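Scroll down for the structure; my scribbles are underneath it.
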Amino acid sequence: MACLLFLSGGTALVYELVWSKYLGNVLGNSGQAHAVVLATFMGGQALGAFVFGRTADRAKNPLALYGLLELGVGLYALAFPYVLDVLGALWLNVAPSVPDGWRLGPRLLVSSASLLIPTLLMGGTLPALVRHFASSLSGVRYELARLYAVNSLGAAVGVFIAGTKLVPAIGLSSSAGLAAGLNILVALASLGLARRFPPALVPGQTPPAEAGDAEVSYPRIAVRAALIGVLLSGFTSMLYQVTWIRLLSIVLGASTYAFTLILTAFIMGIGLGSFWLMTRKGQVDSLRLFGRLQVALVASICVALPLYVRLPHLFRKAQWMMTRSLDTWPLFQVLTFGFCCLVLLVPTFFMGAAFPAAARVATAKVSEVGRQLGGVYLWNTVGTITGSALGVLVLMPWWGMEGNFIAGVAANLLGAGLAFHAAPAVPRSTRAPCGRWPPRRCWRWWCWAG
């Protein structure tokens, strides 16, 4: 079933690329179109996770809900050009009455409105699948990391194929139609599998007690620290992303191919980090792990800063060793992708492991995992939108790329400090079966001896 989420992640990035091109034609500014698409995707998916996460908690079959969400995305993608035409015609009727200096805002609002419905539906897919598979709190930890990794790796493959092969070969409309067809197939497959595979835990059922659950429940102060950490992590991830794009565009050029490879390396690192977290065995304090990952991210940035200064020289030197011709074009793209991975893969690895680690701290009940996961997404998205907007519009013009890295490092260290400070000495759910807290010696032999 995870392959369905892999395809879903791939189609989402195809839509992001295609729809940004469509909106660039409407707005007349590709930079504004990318900003609108990114902000709407982030905000819409967070709101969708928050809304449909609650629905997933009450649904008798969350896998069927996932199928309906994917079906809605596919059908809307087929109708998107017509929706954009209707909204464009509506704007043309209203535009003459709007003063010249005030027209940009309504145009951006109309563009965002065209993307709100599908991004809402996309946001509900991950909480629905986590709710379907998880039968215990320890299962939530594993499934969240696994599905987040699969979705991210699918997104990396999707943006790579769309940017380098699909759109140049068959165009925007056919690319969107192909992605919509895949969404509909995923939806039909999910609805068919929903009849054969019931959810691991139906609404109202008490989850079985497992040894792995002992390290999952956290006090309220730890949950707050995790949510603030998720917000700061989202802020720094987008701050770093816009800075890396600016840095690598100077080195690699501002072509669509270069942007696609940068985005592919960024998302691939996130997926690999989530996959690594999934494979960790045994009990682990996720809040402390989140703090360590933030410190590791800062260390990777600081170690790489001297390399950033030498990137133009290294890339030019590698180019001089290569004969420029059509035959060597694929090799040049491999070289470009290698430089992207050199800069991005290690820090994004830590980012990809940090989000599910922090999200796991905020999930205290299997029966409410959809709602709680939606809340985590909402906090993370507030940070990502803030980081994207401030990084491009305020911080980059004010103090340049170096200042962005310094601000990101400071925010990461703040998140790590909060995590270490709030992490409990002993997780709450190690309480004795007799109900005593804090745990202490008890006359019952099975009680935990403190």
Side-chain angles (χ1 to χ4, degrees), residues 1-18 38 41-42 45 49 66 69-70 73 119 122-130 132-134 140-167 175 178-179 182-183 185-186 189-190 233-234 237-238 240-241 244 259-280 293 297 300 333-334 336-338 340-360 373 376-377 380 384:
M1 296 183 192
C3 66
L4 301 180
L5 194 61
F6 181 88
L7 292 174
S8 174
T11 58
L13 266 292
V14 173
Y15 294 141
E16 183 173 348
L17 184 64
V18 169
L38 181 61
F41 259 74
M42 291 292 184
Q45 289 190 32
Y66 168 79
L69 294 173
E70 290 290 347
V73 172
T119 53
M122 291 177 191
T125 55
L126 184 61
L129 282 187
V130 172
H132 178 85
F133 285 109
V140 168
R141 169 182 176 261
Y142 175 82
E143 294 299 339
L144 175 60
R146 181 176 74 97
L147 295 175
Y148 188 70
V150 168
N151 189 251
S152 298
L153 293 174
V157 172
V159 71
F160 177 79
I161 293 177
T164 61
K165 301 293 183 183
L166 204 59
V167 173
S175 299
L178 180 60
L182 286 176
N183 268 128
L185 287 177
V186 167
S190 302
S233 177
S237 68
M238 293 308 299
Y240 292 143
Q241 183 179 4
W244 282 326
F259 178 76
T260 299
L261 295 176
I262 293 169
L263 199 56
T264 301
F266 186 91
I267 301 173
M268 186 174 70
I270 289 176
L272 292 175
S274 302
F275 182 80
W276 170 82
L277 183 67
M278 178 196 75
T279 59
R280 285 181 60 84
L293 289 169
L297 172 59
S300 67
Q333 295 303 311
V334 172
T336 302
F337 185 65
C340 294
C341 291
L342 180 66
V343 173
L344 301 177
L345 212 55
V346 174
T348 54
F349 177 91
F350 296 126
M351 291 180 189
F355 176 80
R360 191 189 135 269
L373 185 57
V376 174
Y377 262 98
N380 183 253
T384 56

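Keep in mind that this is a model prediction, so the values were computed, not measured. Below, each value reflects all heavy atoms present in this structure, side chains not excepted, and no hydrogens, waters or symmetry copies.
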If every non-hydrogen atom of [X] is compared with every non-hydrogen atom of [Y], which pair is closest and at what distance?
X: V18; Y: S175; value: CG2-CB, 4.1 Å
X: A359; Y: V376; value: CB-CG1, 3.8 Å
X: A357; Y: L293; value: CB-CD1, 4.5 Å
X: P356; Y: G352; value: CD-O, 3.0 Å
X: P127; Y: G123; value: CD-O, 3.4 Å
X: T264; Y: A156; value: CG2-O, 3.7 Å

Minimum side-chain heavy-atom gap [X]-[Y] below 4.5 Å:
X: M268; Y: C341; result: yes
X: L5; Y: Y66; result: yes
X: P347; Y: Y240; result: no
X: Y148; Y: I270; result: yes
X: V159; Y: F266; result: no
X: W276; Y: F350; result: no
X: T348; Y: W244; result: yes

Nearest-0.5 Å distance, [atom1] of residue [X] to [atom2] of residue [Y]:
X: F349; Y: L344; atom1: CZ; atom2: CG; value: 15.0 Å
X: L129; Y: L373; atom1: CG; atom2: CG; value: 11.0 Å
X: T384; Y: Q45; atom1: OG1; atom2: CD; value: 10.0 Å
X: L126; Y: S152; atom1: CG; atom2: OG; value: 9.0 Å
X: L185; Y: T11; atom1: CG; atom2: OG1; value: 11.0 Å
X: F6; Y: L147; atom1: CZ; atom2: CG; value: 13.5 Å

| request: Could you tell me whether the side chains of S8 and E70 share a donor-acceptor contact shorter than 3.5 Å? | output: yes
| field | L13 and I267: CA distance, side-chain angles, deciding distance, side-chain contact (heavy atoms from CB on, under 4.5 Å) verdict | value | CA-CA 10 Å; L13 266 292; I267 301 173; 4.0 Å; yes
| task | Test side-chain contact (heavy atoms from CB on, under 4.5 Å) on N183 and Y15 and set out the steps. | result | CA-CA 11 Å; N183 268 128; Y15 294 141; 2.6 Å; yes
| request: Show the numbers, then the answer: is there a side-chain contact (heavy atoms from CB on, under 4.5 Å) between Q241 and I262? | output: CA-CA 9 Å; Q241 183 179 4; I262 293 169; over 6 Å; no
| query | CZ of F160: more than 12 outside heavy atoms within 6.0 angstrom? | reply | no
